[in-house]
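Counting begins at 1 with the first residue of the sequence. Computed over heavy atoms, backbone and side chain alike; hydrogens, waters and symmetry mates excluded.
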Amino acid sequence: QVQLVESGGGLVQAGGSLRLSCAASGTIFSSNFMAWYRRAPGKQRELVASINTGGSTNYADSLKGRFTISRDNAKNTVYLQMNSLKPEDTAVYYCNARKLQFGLARDDYWGQGTQVTVSS
């Protein structure tokens, strides 16, 4: 079952921009954290950015300043604005929703992923 639906990936030239979207049900969207992860060729999955219910954000140090995560509660959607894209940003990007209980992960939901390819 698809719990979250990502969209917005594609092929872009280096220096270009993309905006990824992740739509979720209201129940899933109420998760403590919504996040974007990515898996680049030959590398492990890494956290790109996260945002909690209060709107507080966290970014990978190497991406802060280029990427921006946001959420639209009315639309149950989280976004990832990616600017100044580089070839090393090429990866499959995944949307994640995590619910916590007493500080521990209780439920974890993943989208199918959307491919982002940045050409030189």
Take Asn96 and Met34, measure what side chain to side chain contact (heavy atoms under 4.5 Å, CB included) needs, and give me the verdict at the end. CA-CA 6 Å; Asn96 168 259; Met34 298 295 295; over 6 Å; no
Should the pair Tyr94 and Trp110 be assigned to parallel (<30°), tilted (30 to 60°) or perpendicular (>60°) ring geometry?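 It falls in the perpendicular class, over 60°.
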What closest approach, in Å, do [X] and [Y] show between heavy atoms, and which atom pair accounts for it?
X: Asn76; Y: Ser25; result: ND2-C, 3.9 Å
X: Tyr93; Y: Ala91; result: CD1-O, 3.4 Å
X: Trp36; Y: Ser21; result: CH2-O, 3.6 Å
X: Leu4; Y: Ala97; result: CD2-CB, 4.0 Å

Residue list, side chain to side chain donor-acceptor pair (under 3.5 Å) with Gln101, at least two apart or on another chain: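 Checked Gln101 against side chain to side chain donor-acceptor pair (under 3.5 Å); zero matches.
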Listed by chain and number, what are the side chain to side chain donor-acceptor pair (under 3.5 Å) partners of Thr53, not counting sequence neighbours?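 In terms of side chain to side chain donor-acceptor pair (under 3.5 Å), with neighbours along the sequence ignored, Thr53 is linked to no residue.
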Working note: Gln81 + Ser17, criterion side chain to side chain contact (heavy atoms under 4.5 Å, CB included); need CA distance, chi angles, decisive distance, verdict. CA-CA 8 Å; Gln81 178 66 46; Ser17 299; 4.0 Å; yes
Side-chain heavy atoms nearer than 4.5 Å, only ILVMFWY residues, links allowed to pass through others: does that put Val12 and Leu63 together?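 Yes; Leu63 is reachable from Val12 via cluster members.
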Do Leu85 and Leu18 come within less than 4.5 Å of each other through their side chains, counting heavy atoms only?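 Yes, side chains in contact.
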Heavy-atom distance under 4.5 Å between the side chains of Phe67 and Leu80, does that happen here?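 With C-beta onward as the side chain, the pair touches.
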Check: [Y] main-chain N/O paired with [X] side-chain donor or acceptor under 3.5 Å:
X: Thr117; Y: Leu11; answer: no
X: Arg45; Y: Ala40; answer: no
X: Asn32; Y: Leu100; answer: yes
X: Gln13; Y: Val118; answer: no

Could you tell me which residues satisfy ring pair (Phe, Tyr, Trp, His ring centres under 6.0 Å) with Tyr109, sequence neighbours excluded, listed by chain and number?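 Here no residue qualifies.
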Reference residue Tyr59; test side chain to side chain contact (heavy atoms under 4.5 Å, CB included); the match among Ile51, Val48, Leu47, Thr68: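 Exactly one candidate clears the test, Thr68.
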For residues 75-92, which residue pairs pass the salt bridge (charged side-chain N to carboxylate O under 4.0 Å, His left out) check, not counting sequence neighbours?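 For residues 75-92: Arg38-Asp89, Arg66-Asp89.
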Please list all pairs passing the salt bridge (charged side-chain N to carboxylate O under 4.0 Å, His left out) test where one or both residues lie in residues 4-22, with sequence neighbours left out.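 Salt bridge (charged side-chain N to carboxylate O under 4.0 Å, His left out) check on residues 4-22 returns no pairs.
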Stepwise side chain to side chain donor-acceptor pair (under 3.5 Å) check, Thr77 with Asp72: CA-CA 5 Å; Thr77 302; Asp72 186 335; over 6 Å; no
Check the pair Thr90 / Val116 against side chain to side chain contact (heavy atoms under 4.5 Å, CB included), numbers first and verdict last. CA-CA 5 Å; Thr90 295; Val116 172; 5.9 Å; no
Could you walk me through whether Ile69 and Val78 pass the side chain to side chain contact (heavy atoms under 4.5 Å, CB included) check? CA-CA 7 Å; Ile69 188 171; Val78 63; 3.8 Å; yes
Can you name the salt bridge (charged side-chain N to carboxylate O under 4.0 Å, His left out) partners of Arg98, sequence neighbours left out?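 Partners of Arg98 by the salt bridge (charged side-chain N to carboxylate O under 4.0 Å, His left out) criterion, ordered by chain and then number, come out as Asp108.
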